[in-house]
Protein chains: 2
Amino acid sequence: MNVSNVELDKVATILKLLGDKTRLTMVKLLDTNDCCVCEFVEIFKTSQPAISQHVRKLKDVGIVREARKGQWVFYSLNKQSDYYPIIQTLLHHLPSQEYKLKELEVQGLRISCE
Amino acid sequence: MNVSNVELDKVATILKLLGDKTRLTMVKLLDTNDCCVCEFVEIFKTSQPAISQHVRKLKDVGIVREARKGQWVFYSLNKQSDYYPIIQTLLHHLPSQEYKLKELEVQGLRISCE
DNA sequence: TAAATATATAATAATTCACTTATATATTCA
DNA sequence: TGAATATATAAGTGAATTATTATATATTTA
């Protein structure tokens with residue numbers, strides 16, 4: 001009784017990617033907000049190249065998309081991905097991470113899309 | 001709007017474990033059947049120690065349980081685990097792997113619980 | 001156009017992972 | 001009890017992973 005017909009191998013690949021605290025938090029945030037690299041750098045207190053490498057992995061399997069907006073590159077969840085249904089049900093089980101964005105806002109570090 | 005209140009870090013750990021083709025298939029099978037190590041050895045065409053190490057990892061985080069039945073050790077999904085709700089929704093998205101057990105049966109390699 | 005800002009890529013080092021081989025432990029059965 | 005069967009553990013190895021530092025590329029702005 002398989003709801004979707006995505007291959008098990010490919011799901012394993014997606015789960016491996018999401019099996020990382022940083023990337024899982026990213027995806028949880030991206031489900032409700034677009035974010036740019038510099039915001040992630042602030043949120044995760046890690047280097048900019050580390051963040052770039054994480055988002056690239058998510059982009060390579062098609063679960064996030066990038067869009068340049070001026071000097072910034074914004075990332076968003078790709079809701080057209082074959083894996084979005086699985087990811088969405090997964091994210092439902094996770095506590096909201098919105099407070100991380102709230103903290104950025106307080107510090108004046110939130111980048112607006114517009 | 002978090003359905004469960006399991007911590008994100010811990011979910012990441014679970015997803016990393018399930019982000020392996022062998023373990024993900026195991027868990028999918030264990031959702032509907034108890035299996036012993038020697039069956040997994042046949043199914044995955046890998047060494048007995050490799051299988052033992054996989055099931056131990058699943059046991060260590062509490063998502064499977066073991067029960068000795070004579071000379072065999074049977075593994076089952078622990079439906080009492082805090083992570084079972086997440087795992088169950090995940091498994092709904094995977095194609096059935098029952099055919100692997102059917103193949104064993106045909107070869108007379110299926111071990112009965114009784 | 002030059003400086004500042006944001007991001008990506010490359011090279012590399014430390015860690016983790018999944019297998020292998022060898023061996024130990026537990027159970028059954030002749 | 002001793003041989004056979006099933007499983008677990010330990011040690012070692014090669015590959016994959018994640019971070020870091022250094023540098024390249026792209027965009028904005030003075």
Side-chain angles (χ1 to χ4, degrees), chain A residues 8-10 12-27 30 34-61 63-76 104 107-114, chain B residues 9-10 12-27 30 34-61 64-76 104 107-114:
Chain A
L8 186 139
D9 291 30
K10 291 183 179 170
T13 303
I14 299 298
L15 296 183
K16 186 191 285 189
L17 276 180
L18 298 182
D20 172 275
K21 191 174 112 180
T22 301
R23 286 190 298 261
L24 186 58
T25 306
M26 280 180 171
V27 168
L30 291 176
D34 293 0
C35 294
C36 69
V37 173
C38 63
E39 291 174 316
F40 282 146
V41 170
E42 276 302 317
I43 287 173
F44 295 110
K45 306 280 181 238
T46 185
S47 69
Q48 176 269 314
I51 296 298
S52 262
Q53 287 160 20
H54 281 304
V55 293
R56 184 170 46 157
K57 284 178 187 184
L58 296 174
K59 200 184 65 172
D60 284 350
V61 297
I63 67 186
V64 308
R65 282 181 165 161
E66 70 177 27
R68 182 172 276 276
K69 295 261 177 66
Q71 60 192 148
W72 298 291
V73 176
F74 278 83
Y75 286 89
S76 59
L104 276 198
Q107 297 175 268
L109 295 173
R110 188 87 169 93
I111 309 288
S112 167
C113 249
E114 312 312 320
Chain B
D9 291 31
K10 291 184 178 167
T13 303
I14 300 299
L15 296 182
K16 187 190 285 188
L17 277 180
L18 298 182
D20 173 275
K21 192 175 115 179
T22 301
R23 285 190 298 261
L24 186 59
T25 305
M26 281 180 171
V27 168
L30 292 176
D34 293 0
C35 294
C36 69
V37 173
C38 63
E39 291 174 316
F40 283 146
V41 169
E42 276 303 318
I43 287 173
F44 296 109
K45 307 278 182 241
T46 185
S47 71
Q48 176 269 314
I51 296 297
S52 262
Q53 287 160 17
H54 281 304
V55 293
R56 185 171 44 155
K57 285 179 187 185
L58 295 174
K59 201 185 62 171
D60 283 350
V61 297
V64 308
R65 281 179 165 162
E66 70 177 29
R68 183 172 276 277
K69 295 261 176 69
Q71 60 191 149
W72 298 290
V73 176
F74 278 81
Y75 287 88
S76 59
L104 277 198
Q107 296 175 268
L109 295 173
R110 189 86 169 92
I111 310 286
S112 166
C113 250
E114 312 311 319

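Here is how names work: the chains are called A, B, and so on, in the same order as the sequence lines, proteins then strands, and each is numbered from 1.
- Inter-residue side-chain proximity for A/Ser76 and A/Leu30 is flagged as unmet; no heavy-atom pair is nearer than 4.5 Å.
- Contact annotation: the side chain of A/Thr22 never approaches that of A/Phe40 to less than 4.5 Å [non-hydrogen atoms, C-beta and beyond].
- The OG1 atom of B/Thr13 lies 11.0 Å from the CG atom of B/Leu18; values are rounded to the nearest 0.5 Å.
- Neither OP1 nor OP2 of C/dC19 sits under 4.0 Å from any side-chain N or O of B/Ser47.
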Measure all distances between protein nitrogen or oxygen atoms and nitrogen or oxygen atoms of nucleotides 5-8 of chain C, and list the pairs falling under 3.5 Å.
residue, atom, partner, partner atom, Å
C/dA6, O3', A/Gln71, O, 3.4
C/dT7, OP1, A/Val37, N, 3.4
C/dT7, OP1, A/Val73, N, 3.2
C/dT7, OP2, A/Cys38, N, 2.7
C/dA8, OP1, A/Tyr75, OH, 2.5
C/dA8, OP2, A/Ser52, OG, 2.6
C/dA8, N7, A/Gln48, OE1, 3.4
C/dA8, N7, A/Gln48, NE2, 2.6
C/dA8, N6, A/Gln48, OE1, 3.1

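- Atoms CZ (B/Phe44) and P (C/dT20) sit 14 Å apart, rounded to a whole Å.
- A search for salt bridge (Lys or Arg N to Asp or Glu O under 4.0 Å) contacts involving A/Lys16 returns nothing, not counting sequence neighbours.
- Rounded to whole Å, the distance from CE on A/Met26 to P on D/dT18 is 12 Å.
- The C1' atoms of five pairs define one axis at each end of the helix from C/dT1-D/dA30 to C/dA30-D/dT1, and these two axes lie 20° apart (to 10°).
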Exercise answer: donor-acceptor pairs, residues 54-61 of chain B side-chain atoms, under 3.5 Å, sequence neighbours excluded:
residue, atom, partner, partner atom, Å
B/His54, ND1, B/Arg23, NH1, 3.1
B/Lys59, NZ, B/Glu66, OE1, 3.2

Kindly list each side-chain donor-acceptor pair under 3.5 angstrom involving residues 42-49 of chain A, sequence neighbours excluded, with atom names and distances?
residue, atom, partner, partner atom, Å
A/Lys45, NZ, A/Glu42, O, 3.2
A/Ser47, OG, A/Ala50, N, 3.3
A/Gln48, NE2, A/Ser52, OG, 3.3

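- Near DNA chain D, defined here as any heavy-atom distance below 4.0 Å, there are no residues from residues 13-22 of chain B.
- No side-chain heavy atom of A/Ile111 sits under 4.5 Å from any side-chain heavy atom of A/Lys69.
- The 5' end of DNA chain D is approached more closely, in terms of each residue's nearest nucleotide, by A/Thr46 than by the other of A/Gly70 and A/Thr46.
- Rounded to the nearest 0.5 Å, atoms CG (B/Leu104) and CZ (B/Arg110) are 7.0 Å apart.
- The distance from atom CZ of A/Phe40 to atom C1' of D/dA19 is 18 Å, rounded to the nearest whole Å.
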Test side-chain contact (heavy atoms from CB on, under 4.5 Å) applied to B/Met26 and B/Val64, step by step: CA-CA 10 Å; B/Met26 281 180 171; B/Val64 308; over 6 Å; no
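- The side-chain heavy atoms of A/Phe74 and A/Cys36, taken from C-beta on, include a pair separated by under 4.5 Å.
- Between A/Val41 and A/Val37 there is a side-chain heavy-atom pair separated by less than 4.5 Å.
- Applying the 4.0 Å criterion to OP1 and OP2 of D/dT17, one finds that A/His54 has every side-chain N and O outside that range.
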